[in-house]
Amino acid sequence: MKVVLFFLSIVGIIFSGCKSDKLTMATAANFAPFEYISGGEFQGIDIDVAKIIASELGKELVISDMEFDSVVQSVASKNADIALSGLTINKTRKQVIDFSDTYFNAAQMLIIKENDERFKNLKTKEDVIKAVNKAKSLKIGVQAGTTGEFYSKGDKDWGFDGFKNAETISFANGAMAVTAMLNNQLDVVIIDEMPARVLTKTNSGVELVDIALTDEEYAIAVSKGNEELLNKINEILRTIKQDGRMQDIINKYYVQQK
Ligand code: ARG
C-alpha cells in the first residue's frame, strides 16, 4: 500500500510539474489572419504573439482550438491560462475574465456580393446603416458569439441597436457565412475588418464595404484576478510594441484589399 501511495505521489509531482511548464491558450483557429490552420500548423498574428509570450515566460505553448463562443468561458473556468482570439475588450466579458492592454484596433465591416447595388457608393457608417435598414428582408450572416453577432442582432450591454428589420443568422466561422452568401442563403456578412479583408481576397464573387462600423480593441484574456500573469503579459506586450516585433508580426500577415 505504501509503495503504491509513494508511486502515486511521484506521478502527481511529475504531473503538476509538467502542468506549470505549459501555457495553455484558448483560441478559435478559424479567423485568418489572427489564427488559422495552414499546412497542419497553427498560424497567424495571435499565434506568433502567444509564442513570444510563452517563450518569455519559459513555458511551452499549448494551443487549445475550439468554437469561438467557448473561448472566454475556457479562460474563465481556468481550463486555459490565456486566450488570444482576436478578442474584443468588452464590459460583459470583463465580468468573467481580465483583459491585457490592447494590441490591435479593429472594426466590424460588411462583406457583400459583388455588384450588389444596394450597398454601392456608401461613404459613411451612417450610409451603411441606412442601406441595411432600407433593404427588404435582409439576411445577415455573422460568426456565433462575436461582436458581429451582437452588432447585427442588437445588444444593450455592447451598446448596439441592431438591425431590427433584418434576420441575423449565426455560423461557426466567417468562411461558412461567406459560402452561404455565395449560395444565396444570405445577403451580407458582418465580421471583423482583417478577417473580412482575407475573406474578400480569397473568395471570388464577394467584395468589402470598406467602412468601419464599430470601434474595437483586441486584447489577451486571463482568468479573473490573475494579476501576476497579466502584469507579465502587459510587460511583454510593451516590449514587443517598442522594439518593433509587434509591427513585424502584423506586417507579416497583413492583407491588402483586393
Ligand atoms: N473580435 C470579435 C469578438 O471578440 C470576433 C473574434 C472572433 N475570433 C475568432 N478567433 N474567431 O467577438
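Atoms within a ligand are numbered from 1 in the order they appear, just like the ligands themselves.
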Worksheet item: Out of Ala32, Ser85, Ala221, Gly174, who gets a non-hydrogen atom closest to atom 10 (N) of ligand 1?
Response: Ser85
Discussion item. We want to know whether Thr92 and Asn90 form a side-chain donor-acceptor pair, criterion being a heavy-atom distance below 3.5 angstrom.
Written reply: yes
Worksheet item: Which ligand 1 atoms does Tyr218 reach within 4.0 Å, using its non-hydrogen atoms?
Response: 1 (N)
Response to the item:
Numbered in order shown, the ligand 1 atoms found under 4.0 Å of a heavy atom of Gln143 are 7 (C), 11 (N)
Worksheet item: Considering only the protein, which heavy-atom contact is closest to atom 9 (C) of ligand 1, and what is its distance?
Response: Phe31 CG, 3.3 Å
Worksheet item: Are Asn184 and Lys113 linked by a side-chain donor-acceptor pair shorter than 3.5 Å?
Response: yes
Discussion item. Yes or no: does Gly86 have any heavy atom under 4.0 Å from an atom of ligand 1?
Written reply: yes
Worksheet item: If you look only at pairs with a residue in residues 104-141, which of them pass as a ring pair (Phe, Tyr, Trp, His ring centres under 6.0 Å), with sequence neighbours excluded?
Response: Phe34-Phe104, Phe104-Tyr218
Worksheet entry | Short N-O contact, Asp98 and Lys224, less than 4.0 angstrom | yes
Fill in: Any N or O of Trp158 closer than 3.5 Å to N or O of ligand 1
no
Practice prompt. Could you tell me whether Arg197 and Glu193 make a salt bridge, using a distance below 4.0 angstrom between a side-chain N and a carboxylate O?
Written response: yes
Worksheet item: Any idea which atoms of ligand 1 are less than 4.0 Å away from a heavy-atom of Ala28?
Response: 9 (C), 10 (N), 11 (N)
Worksheet item: Given a cutoff of under 4.5 Å between side-chain heavy atoms of I, L, V, M, F, W and Y, with clusters grown through shared members, what are the other residues clustered with Met66?
Response: Phe68, Val71, Val72, Val75, Leu87, Ile89, Val96, Ile97, Phe99
Fill in: Atoms in ligand 1 with a heavy atom of Leu87 nearer than 4.0 Å
4 (O)
Discussion item. Please determine whether any non-hydrogen atom of Arg93 lies less than 4.0 Å from an atom of ligand 1.
Written reply: yes
Item to complete: Applying side-chain contact (heavy atoms from CB on, under 4.5 Å) between Thr239 and each of Leu237, Ile236, Asp243, report the one that passes.
Response: Asp243
Discussion item. Check this for me - ligand 1, Asn30, N or O atoms closer than 3.5 angstrom, yes or no?
Written reply: yes
Discussion item. Using a 4.0 Å cut-off to any heavy atom of Asp192, which atoms of ligand 1 qualify?
Written reply: 1 (N), 2 (C), 5 (C)
Fill in: Protein contact of atom 3 (C) of ligand 1 - nearest heavy atom, named by residue and atom, plus distance
Thr147 OG1, 3.2 Å
Fill in: Contacting atoms of ligand 1, where contact means under 4.0 angstrom from a heavy atom of Thr146
5 (C), 7 (C), 12 (O)
Worksheet item: So does Arg118 pair up with Asp187, basic N to acidic O under 4.0 Å?
Response: yes
Practice prompt. For Gln108 and Asp192, test the side chains for any donor-to-acceptor distance below 3.5 angstrom and give the result as yes or no.
Written response: yes
